[in-house]
Amino acid sequence: MKKILLYMMTVTMLTMSVGAKESIISYAQMSNMATADSEDGNQTDVKACGEEKEEVSKAGENDESAETITDNAEELSGTVREENEERREREQLVNYALQFVGGSYRQGGNDPHTGVDCSGFIRYVMANGAGISMYRSSREQATQGVSISADQMQPGDLLFYSNGTRINHVAMYIGDGRVVHASTEETGIKTSIWNYRTPVRIVSMFG
């Protein structure tokens, strides 16, 4: 009988011990799960924060790109306006000069209404047609402006010709390969092909 009682007590203690171990194991598993959930949540929060920073960075880059495009567009627009204004001024100057075609040539003359020589004609037309002051002689006028090549010529640019030793004539380019100038007493103010004589210097008084 005693042996039976001792056996039953032993079984009961073993059962309680197993239950306690199972409880400990269950608690440990629950703790691990909670820890894992916490780590997943932290990783999710970090990932979300990183995505937000990336979106903010991209938004900043887009703003900078938009500002750059706007600045470039404004600069281009300003350049186009300046080019259009210069083209308009050149056209007005040429039209002003062409009204005197047929006028008389007079050595030393300063007014195309009463007779004028080549440099006097250019001086008068530049001053009254474009507000640009020029020297009196063609040699002095050749020192003004910016030197350009023939393929850069635009209406309103000036061409200087030489007699072989020095500059002695000036004309204005009017476009389409032609110039206007006070030529001689026989021909007066007329238009000619720009290279009827080989120019030794071409200058622009614009820009």
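When a residue number appears, it is its place in the shown sequence, counting from 1.
Among Val125, Ile174, Leu93, the one residue that satisfies the side-chain contact (heavy atoms from CB on, under 4.5 Å) test with Leu98 is Ile174. Of the candidates Arg123, Arg136, Arg106, Arg136 is the only one forming a salt bridge (charged side-chain N to carboxylate O under 4.0 Å, His left out) with Asp117.
In this structure, the side chain of Gln141 engages the main chain of Ser119 through a donor-acceptor pair within 3.5 Å. When atom types are taken as modelled, the side chain of Asp176 and the backbone of Arg178 share no donor-acceptor pair closer than 3.5 angstrom. Between the Gln154 side chain and the Gly175 main chain, no donor and acceptor come within less than 3.5 Å of each other. Side chain of Asn195 to main chain of Arg197: no donor-acceptor pair is present (N/O by atom type, distance under 3.5 Å, no hydrogens or angles). Judged by distance alone, with hydrogens and angles left aside, the side-chain atoms of Ser183 form no donor-acceptor pair with the main-chain N or O of Thr187 at under 3.5 Å. Without hydrogens or angle criteria, Tyr124 side chain to Asn128 main chain gives no donor-acceptor distance under 3.5 Å. Judged purely by atom type and a 3.5 angstrom limit, Arg201 has no side-chain atom pairing as donor or acceptor with the backbone of Phe160. A side-chain donor-acceptor contact under 3.5 Å links Gln152 to the backbone of Ser149. Proximity of a side-chain donor or acceptor of Gln99 to a complementary backbone N or O of Tyr96 within less than 3.5 Å is detected.
In the hydrophobic clustering of ILVMFWY residues, with side-chain heavy atoms under 4.5 Å counting as a link, Leu159 and Met134 come out apart. Residue Tyr135 is not grouped with residue Val146 when hydrophobic side chains (ILVMFWY) are merged at heavy-atom distances under 4.5 angstrom, including chains of intermediate members. Connection of Val200 to Met205 is established within a shared hydrophobic cluster, with ILVMFWY side chains joined at heavy-atom distances below 4.5 Å, either directly or through further cluster members. No continuous path of ILVMFWY side-chain contacts below 4.5 Å connects Ile132 to Tyr173, so the two sit in separate hydrophobic clusters. Hydrophobic clustering places Val180 together with Phe206 (ILVMFWY residues linked when any side-chain heavy atoms are closer than 4.5 Å, directly or through intermediates).
Between Thr191 and Val179 the shortest side-chain heavy-atom distance does not fall below 4.5 Å. The side-chain heavy atoms of Ile202 and Leu158, taken from C-beta on, include no pair separated by under 4.5 Å. The shortest side-chain heavy-atom distance between Phe121 and Ile189 falls under the 4.5 Å cut-off.
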Checklist entry - Going through the distances and angles, do Asn84 and Arg87 end up as a side chain to side chain donor-acceptor pair (under 3.5 Å)? => result CA-CA 5 Å; Asn84 289 339; Arg87 187 178 299 108; 2.8 Å; yes

Next on the checklist: salt bridge (Lys or Arg N to Asp or Glu O under 4.0 Å) for Arg88 and Glu91? Distances and angles first, verdict last.
Outcome noted: CA-CA 5 Å; Arg88 185 182 63 81; Glu91 290 175 354; over 6 Å; no

Item to check | Chi angles and distances behind the side chain to side chain contact (heavy atoms under 4.5 Å, CB included) call for Asp157, Val203 | outcome: CA-CA 6 Å; Asp157 291 336; Val203 303; over 6 Å; no

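Ring centers of His181 and Tyr196: under 6.0 Å apart, within the cut-off.
When all heavy atoms of Ile122 and Ala171 are compared, the closest pair comes out as CD1-C, 4.0 Å. Nearest heavy atom pair, residue Ala97 against residue Met172, reads CB-SD, 4.2 Å. A pairwise comparison of heavy atoms in Arg90 and Pro155 identifies NH1-O, 2.9 Å as the closest pair. Taking each heavy atom of Trp194 and Ala150 in turn, the nearest pair found is CH2-CB, 3.7 Å. Nearest heavy-atom pair across Pro112 and Asn110 is CD-O, 4.1 Å. Heavy-atom minimum distance, Cys118 versus Tyr105: N-CE1, 3.9 Å.
Using a 4.0 Å cut-off between charged side-chain N and carboxylate O, Arg81 and Glu85 make no salt bridge.
Between Tyr161 and His169, the angle of the ring planes lies from 30° to 60°, which puts this pair in the tilted group.
Side-chain polar atoms of Arg139 and Asn168 form no donor-acceptor pair below 3.5 angstrom. Residues Glu140 and Ser137 have side chains that bring a donor and an acceptor to within less than 3.5 angstrom of each other.
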